[in-house]
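As structure tokens, the structure follows; a few thoughts come after it.
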Amino acid sequence: MLYPFKEIEEKWQRYWQEKQSFKAIHSPDKKKFYCLEMFPYPSGKIHMGHVRNYTIGDVYSRYKWLEGYSVLHPMGFDAFGQPAENAAIKNNTKPDIWTHKCIDWMKIELKKMGFSYDWDRELSTCDSPYYKWNQWIFLKMYERGLAYRKASNVNWCSSCQTTLANEEVVDEGCWRCHTKVKQKDLEQWFLKITEYKERLLDSLKQLKDWPSRVIAMQSNWIGKSQGVEIYFRCKDSDKEITVFTTRVDTIFGATYVVLAPEHPLVKEIIKGKPQEKEILSFIEKVANESKVARVKEDVKKEGVFTGGYCINPTNNEVIPIWIADYVLMEYGTGAIMAVPAHDQRDFLFAKEHSLPMRIVIQPTGHPSTTLRSGSPQSTEQMTQSYEGDGVQVNSGEFDGLPNSEAKIKIAQWMEAQGMGKIVTHWRLRDWLISRQRYWGTPIPMIYCKACGVVPVPYEDLPVELPQDAPFTGEGGSPLGKVKEFVEAPCPKCKGNARRETDTMATFFDSSWYFLRFSSPHFQGSPFNAQEAKYWMPVDQYIGGIEHAILHLLYSRFFTKFFKDLGLIEFDEPFRCLLTQGMVLKDSEVMSKSKGNIVDPDSIIKEYGADTLRLFILFAAPPETELEWDERGIEGAFKFLNRVWRIQENLKDNAEPQLVRILHKTIKKVTEDIADFKFNTAIAGIMELVNAIYQMGADKEVFIKLVLLLSPLVPHFSEELWEKLGNTESILKSQWPNYDASLLVEEKASIVIQVNGKVRSKLEVARDIVEAELKPLVLADEKLKAWIQDKPVKNFIVIPNKLVNIVV
RNA sequence: GGGCGGAUGGCGGAAUUGGCAUACGCGCAAGACUUAGGAUCUUGUGGGGUAACCCUUGGAGGUUCAACUCCUCUUCCGCCCACCA
């Protein structure tokens with residue numbers, strides 16, 4: 001009764017493997033399509049998120065195969081990283097062995113889903129033929145000054161015993177284990193991604209087929225803001241305080257200056273002042289505060305007066321210098337000019353400490369502005385700051401100008417007078433890649449007492465990761481404890497030297513793997529330029545939104561770097577991007593801690609991979625969250641059985657009406673799959689199946705139905721395809737075309753509205769002219785009651801669709 | 001606070017971009033077949049009303065012959081960024 005999914009799936013998985021059905025072939029005469037899903041971390045088990053991600057990519061790849069493209073659809077493993085070390089400690093094994101075992105398990109599960117990967121191109125980032133090129137890339141970056149070492153205050157996770165990039169700090173905690181991050185000084189390797197900031201921002205414009213929110217997130221992360229740096233001379237010394245502002249139009253309203261507590265000038269300013277002691281204790285207090293607490297909105301802005309004064313260069317006014325916790329050393333210059341009348345934080349602070357304020361932007365007469373701002377005429381009346389637009393007042397020669405105009409004029413004037421400088425500020429920081437971990441790519445550098453920092457020569461690559469290292473889980477780089485690794489001759493003077501014992505952040509590994517897939521076994525360079533030229537860029541990239549910033553930004557950075565090396569001619573790696581939604585159960589993310597995980601393997605056992613694929617595709621559009629529903633799985637399974645039974649009752653000839661529906665379905669499914677609307681594509685196929693149950697299908701219709709299903713439920717379709725008498729795989733067939741002439745019906749069903757409400761329907765000849773249609777409509781009995789004897793004011797006709805009679 | 005995205009039956013979700021709201025599936029109900037049904041097939045299924053009809057896409061207005069779709073205001077939810085100067 002039920003279709004034998006188990007035998008079918010095993011049979012076709014074996015067939016595809018034996019026939020190498022998904023081998024990507026570089027054929028210059030054919031259009032290529034590179035479909036890539038973000039490769040997984042080999043934890044050993046695939047979860048529903050993987051299943052969803054990879055099913056989407058698989059359907060698209062198979063569809064492209066049938067459309068005649070030469071398809072590259074590879075899979076690999078992002079295999080370096082901490083869990084392998086933790087597992088090594090816990091299970092007393094080696095990270096290498098543990099990881100490869102996990103990869104093997106995962107491959108078995110991926111194969112059980114019937115994904116169309118070219119397994120000959122498989123790669124793992126933890127294998128030296130791959131990470132050798134990480135080292136090569138690092139050396140190239142070093143040569144060009146893009147990799148550099150710097151002692152710096154770094155984010156430190158005491159649980160993972162490692163440094164973290166700013167991007168890896170989430171809510172002040174480690175992105176992996178959520179332990180609170182501390183600050184620590186260490187010599188670290190950085191990549192100068194900031195050198196590419198303008199290009200990374202500008203070429204976002206090229207990415208027309210990326211989700212707009214990913215573009216926005218990247219753009220915010222790069223954080224370009226234009227403004228002016230203003231120099232405030234201190235009153236009693238030759239020191240200068242530089243502040244950054246994006247609102248230079250409010251400069252005449254600056255009534256005090258605020259420094260971050262950590263600002264280097266603070267100590268000098270307060271020296272010898274009566275308040276010195278009090279201020280130092282305030283600074284201490286802020287330093288001990290967690291950043292989370294400091295940033296909390298409801299917390300009062302705290303600050304103290306330094307006793308010092310400085311001079312506003314635009315009007316020579318002497319204004320006090322304060323210190324406050326709401327000014328951050330990490331942003332801008334660590335100092336601000338405070339304009340309480342036009343900045344809400346400054347406003348609250350000024351009220352609290354009875355500091356003066358001055359209005360310099362007066363809302364214009366425009367009612368909406370006035371109403372919303374409350375348009376106070378004096379500072380006493382103000383209950384909040386006014387941050388909107390208006391005209392300049394109390395601003396010297398700039399009075400009367402609209403502030404948007406004044407902003408530019410004041411900036412230019414100040415620059416000309418040497419009071420300040422027009423600058424562009426960026427939020428993007430250089431990328432810290434050093435990790436005090438074992439399971440990663442060794443950074444190919446040697447420290448020699450005589451020669452200093454010496455790069456490992458290219459011919460000595462790879463610097464292999466030693467098999468054995470002590471894992472205690474306690475501080476420092478495990479590699480530092482492996483004597484044979486650490487001790488190395490200096491490449492320059494051949495004297496005794498030490499290797500770098502830190503490894504690279506794993507985001508390095510994943511920043512170029514998509515290029516390696518074009519020629520995964522190539523020996524001469526990270527990838528074969530000819531192959532990359534044919535296959536790249538990735539035509540469709542699919543993965544989770546959680547990688548919207550880091551992974552995608554780094555990959556874009558590396559691609560631009562490769563272009564600068566002359567290895568490729570494009571500078572954006574991913575043409576189209578799809579970010580799939582998460583899989584939820586009971587409206588919550590599936591996770592171990594919540595204990596609501598549904599194991600794909602158990603679903604495959606009970607219903608088969610095709611049913612799982614079909615459910616996941618049908619339950620929601622790919623970009624939205626997907627609510628797991630056991631009954632939905634059963635529905636998908638029932639549908640496949642319903643299709644399976646059709647073959648038992650094929651007729652000799654299909655009715656013309658069914659053929660018409662078939663062609664409509666082909667059109668719909670083609671368009672929907674091309675647009676990733678798998679849910680409606682499947683709904684369309686279900687309608688066709690319902691029509692077949694009504695009218696009965698012949699073999700021709702059934703063949704087309706199976707073809708339409710084949711990207712979605714491949715094993716099922718291959719089996720039916722074979723039963724239909726085909727001797728070759730359905731993959732060798734072609735995506736069906738539809739006959740446009742069959743889509744046009746002879747009759748048109750017209751909806752008739754009276755005053756915009758549907759009152760009747762009418763079957764008329766297609767493309768009937770209005771003159772003929774009108775009397776037919778007006779003769780309709782059902783309309784009589786609605787029209788009565790009222791005069792027809794308007795008679796609106798939408799051809800072949802609708803008539804609206806206005807009375 | 002800033003940015004982006006949402007809100008449609010009991011549930012997941014459709015709606016050719018301004019033209020029949022609720023396609024398709026789940027669920028539910030009835031019937032057929034059956035020794036049996038948690039299988040299969042058929043039919044029904046937004047709400048109210050005996051009915052004619054009326055109401056319905058978070059809420060309030062507006063534009064239009066016609067609004068889930070466009071505009072204004074508003075409420076709630078999700079995600080990302082954030083004392084960003």
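Below, chain A is the first sequence line, B the second, and so on; all start at residue 1.
- Interface remark: the A:Asn220 side chain does not form any donor-acceptor pair with the B:rC81 base, using a distance-only criterion of under 3.5 Å.
- Taking only side-chain atoms of A:Asn679, from C-beta outward, the nucleotide of B:rG13, B:rC20, B:rG27 with the closest atom is B:rG13.
- When heavy atoms are screened at a 4.0 angstrom cut-off, A:Gln694 is found touching the sugar-phosphate backbone but no base atom.
- The gap from the C1' atom of B:rU16 to that of B:rA51 amounts to 37 Å, rounded to the nearest Å.
- Between A:Phe349 and A:Tyr326, the ring planes are tilted. Angles from 30° to 60° get that label.
- A cation-pi arrangement, defined by a distance under 6.0 Å to the six-membered ring centre and an angle within 45 degrees of its axis, is absent between A:Lys664 and A:Tyr738.
- Between B:rG2 and B:rC55, the two P atoms lie 39 Å apart (nearest whole Å).
- The residue A:Glu687 sits close only to the backbone: its heavy atoms come under 4.0 Å of sugar-phosphate atoms, none of a base.
- Residue contacts for A:Lys757: at a heavy-atom cut-off of 4.0 Å it reaches the sugar-phosphate backbone alone, with no base atom in range.
- Applying the 4.0 Å criterion to OP1 and OP2 of B:rA82, one finds that A:Arg427 has a side-chain N or O inside that range.
- Between B:rU42 and B:rG49, the distance separating the two C1' atoms is 29 Å to the nearest Å.
- Between A:Gln753 and B:rU64, a side-chain N or O to OP1/OP2 separation shorter than 4.0 Å is absent.
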>> One pair to check against ring-ring contact (aromatic ring centres under 6.0 Å, His included): A:Phe716 and A:Tyr3. What are the steps and the verdict?
In response: CA-CA 9 Å; A:Phe716 178 88; A:Tyr3 90 95; 5.0 Å; yes
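- Backbone-only contact: A:Asn690 has heavy atoms under 4.0 Å from sugar-phosphate atoms and none from a base.
- Residue A:Lys761 places a side-chain atom within donor-acceptor reach of the base of B:rC20, judged by atom type and a 3.5 Å distance cut-off alone.
- Here, B:rA21 and B:rA7 have their C1' atoms 16 Å apart, quoted to the whole Å.
- Comparing atom distances between the A:Phe244 side chain and each of B:rC24, B:rG27, B:rA85 picks out B:rA85 as nearest.
- At least one test fails for A:Arg427 against the ring of A:Tyr331: distance under 6.0 Å to the centre or angle within 45° of the axis.
- Taking 4.0 angstrom as the limit, A:Arg642 places a side-chain polar atom (N or O) nearer than this to OP1 or OP2 of B:rU42.
- On the P atoms, B:rU40 is 26 Å away from B:rG47, given to the nearest whole Å.
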> Which dot-bracket string fits RNA chain B when only Watson-Crick or G-U wobble pairs with both atom distances under 3.5 Å count, crossing pairs get [ ], and | stands for a partner on a different strand?
Replying inline: (((((((..(((......[....)))((((((.......))))))(((....)))..(((((..]....))))))))))))....
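- Taking the P atoms as reference points, B:rG9 lies 9 Å from B:rU57, given to the whole Å.
- A:Arg52 and A:Gly581 get closest at one heavy-atom pair: NH1-O, 2.8 Å.
- Contact annotation for A:Tyr693: backbone-only contact, meaning every heavy-atom pair under 4.0 Å involves sugar-phosphate atoms and none involves a base.
- Residue contacts for A:Pro621: at a heavy-atom cut-off of 4.0 Å it reaches the sugar-phosphate backbone alone, with no base atom in range.
- The side chain to side chain contact (heavy atoms under 4.5 Å, CB included) search around A:Ala619 returns A:Phe615, A:Leu626, not counting sequence neighbours.
- Between B:rA14 and B:rG59, the distance separating the two C1' atoms is 24 Å to the nearest Å.
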